Amino acid sequence: MTTAPRRYPLIIGATLAAAIAAALILRPEPRGGAQERGAASAGAVPAGVKPLTAQLREFQGSYPEAETPTGVVREVALEAAPATLPLLDGQPLEVWAYNGQVPGPTIRVRRGDTLRVTFTNRLPRPTTVHWHGVRVPNAMDGVPSVTQPAVPPGGTFVYEFVPKDAGTFWFHPHLRSSEQVERGLYGVLVVEDPEPPPYSRDVVWVLDDWRIRQGAIDPQFNTPHDLMHDGRWGNVITVNGNIDERLAVRPGERLRLRLLNSANGRVFAPDFSGLDARVIAVDGLYTAGPLDPGRFELAPGNRIDLDIIVPASAAGQQFSIVDRFTRRPNALASINVSQEAAVQTPAFPSPARAHVPAWRDTETIAPRSEYRLAARRGGEFGIEWTLNGAAARHAHDTSTHGDGDEHPVAVLPRGEWSKLRFVNDSARLHPIHLHGMFFKVLSRDGRPADEPFFRDTVLVHARETVDIGVVPLDEGRWMLHCHILEHAEAGMMSLLDVKATHP
Ligand code: C2O
Ligand code: CU
C-alpha cells in the first residue's frame, strides 16, 4: 500500500479533535450580539399531533417547515457540456462545465422565490442535478433511479422549488459524481435573505483540487489507491478555478465570504488568522452567533460563511489565506487591500439564528439507526465501502424511474426527533451527508459536541463515533452517503425514507 497523504497531526487523535472543536466552538465572539434573523416564528411541528418529546419541543422555532412563496419566479437555463477553459494557471484545460464556466454560474435567488431551472444535458453521459443542502420537494432532489430517471445525453429536466432557507448551497451531478464533479460540474446557489444584511461585498470562493497529468485531468477515476484512502486528492488546488485567486477590497469594507469545498476527497482547514473573521453560517444556515473560524474543517460538501472586516488601517496590505489541514500548508487565495481611502465600515450585528436546540443529555437515548462504516474487497472497483455491511450500487440507467431498491433503506418518522449514530470502523475519513434535512452533531466519541449550528455534512474521523440529532420535515426518500465521492461510488450510500406516522 502506498503512503497516505500526511494529515494535519491534530485531527488524528479524537481527543485532540475534540479539543479543536472546543477551540472552535467555545469562543463565541459577540459582534453586537445575535440578531433574530432567519429563524421562523412558526413551530415546525403542529402541537397536539403527538406528545412532544423534550428534543422536539426544543427544536421548535429552529427553522420553518415551509416558506410562503413570494410569487416571484426566477428562470435559469443550465446546460452541462464539455468545454475548454483557461483554468488553474490560465492554460486551456478540457473540462465538463455548467454554462461554459468552472465553477458553474452562481445562481442567486431570494428565500421564498420560485427557482425554475431548465437543465439540458450536452454531455456524452447521463447526469442529474442535485441541490446540495436545499430542502427541496423529494422529486427535485436529482438522485437517479430514486427521485428521477437520469437525464440522457441531449435530454432536459426542469427543476423547480421554493428555497425555504437563506444561505450558501450548491449543485452538482449525482451520477458518477466522482468523475462528473471532478471534471468541473459544480456551482453555488446563494439564497438571499428577504432583506440581505448590508455587506460591502458578497463573495463566493469555491475550493477545489485537481489531479493534473500532462496538462489534462487524469482520466483514471475510482482508482484502488483513491478507494483505499480518502478519495481522490489532487496535485493542484484552486479557488474559483484559479491557483492564485486574489480578492481586491478597499480598507474598511465588510465582506461576506462564502466558502464551498467542492473537492472529491480533500478536506480544507482555511486559516484566517490575521484577519477579523467570524463564522456566521455553516452548511447554509446561520449559526447561533458568530464563531471563531479556528481551524474549521471544511470537508467535501461543507460550506461556511464568514463575516470579515477589513481594517481601515490596512491600506496596501495583503492577507494570505492558507489551508492547514495537511502538515504542509497550501496557499489558497489572498485578500488584497487597495491604497484607496477607507470606506465607512457598515455597522450591523452579524446575522444569526434566533434558536438552535442544544439537545443536551441525549447520550443515553438509543439511536434509531446506527451505521457502521467499513471497507472490504470486491465490487466494480475491487474495493467496496459499506454501511452496515451493505454496498449500494448507483443505477446508471436513464429509462426507468426505479424505486431505489439498490440502496438499503431506513425509515425515519417525519416531524419527530431521531438520533443516528455513525461508527467509523475504518482508518479513513468519511464526511457523511444527508439530503433533504439539517442535523446537529450531538457527540463525538461519547463527548458532547456543543456545536451551536446545524449541518448537512459532518466529517467522521478515523475510528470515530459521531451521534447526530435530526427532525426531518419533508417526506420522501433521501440519500445518506459519504461525500468522498469515490467512497460513495464504491457503495457508501444509503437511503432514509421519511414517512408521516401521524397523518
Ligand atoms: Cu452533495 Cu448527495 O450530495
Ligand atoms: Cu467515506
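Read the numbers this way: they start at 1 and go in the same order the structure lists the ligands and their atoms. As the structure is a computational prediction, the values presented were derived from the model and not from experiment. One is the number of the first residue; the rest follow in order along the sequence.
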Note to self: I need the SG(Cys482)-the Cu ion (ligand 2)-ND1(His430) angle, rounded to 10 degrees.
What the structure shows: 130°
Item checked: Sidechain-backbone polar pair: Asn240 side chain, Asn242 backbone, donor-acceptor under 3.5 Å -> no
Notebook entry, point to check: If you measure from OG on Ser262 to NE2 on His172, what distance do you get to the nearest 0.5 Å?
Noted result: 9.5 Å
Notebook entry, point to check: Taking both backbone and side chain into account, is any N, O or S atom of His483 nearer than 2.8 Å to the Cu ion (ligand 2)?
Noted result: no
Item checked: N-O pairing of Glu380 and Arg176 below 4.0 Å -> yes
Margin query: So, 2.8 Å as the limit: is an N/O/S atom of His174 located closer than that to atom 1 (Cu) of ligand 1?
Written below: no
Notebook entry, point to check: In His487, which N, O or S atom comes closest to the Cu ion (ligand 2)?
Noted result: ND1
Notebook entry, point to check: Nearest 0.5 Å, what's the CH2-CZ distance between Trp205 and Arg258?
Noted result: 14.5 Å
Check: What N/O/S atom of His132 is the closest to atom 1 (Cu) of ligand 1?
Finding: ND1
Check: Would you say His130 reaches atom 2 (Cu) of ligand 1 with an N/O/S atom under 2.8 Å?
Finding: no
Next item on the list: Starting from the C-alpha separation in whole Å, work towards a yes-or-no answer on salt bridge (charged side-chain N to carboxylate O under 4.0 Å, His left out) for Arg74 and Asp113.
Entry: CA-CA 7 Å; Arg74 266 276 279 132; Asp113 290 355; over 6 Å; no
Notebook entry, point to check: Measuring to atom 2 (Cu) of ligand 1, does His481 have an N/O/S atom at a distance below 2.8 Å?
Noted result: yes
Note to self: Report the atom name of the nearest N/O/S atom of His172 relative to atom 1 (Cu) of ligand 1.
What the structure shows: NE2
Checklist line | Option among His435, His483, His174 that satisfies the side chain to side chain contact (heavy atoms under 4.5 Å, CB included) test with His132 | finding: His483
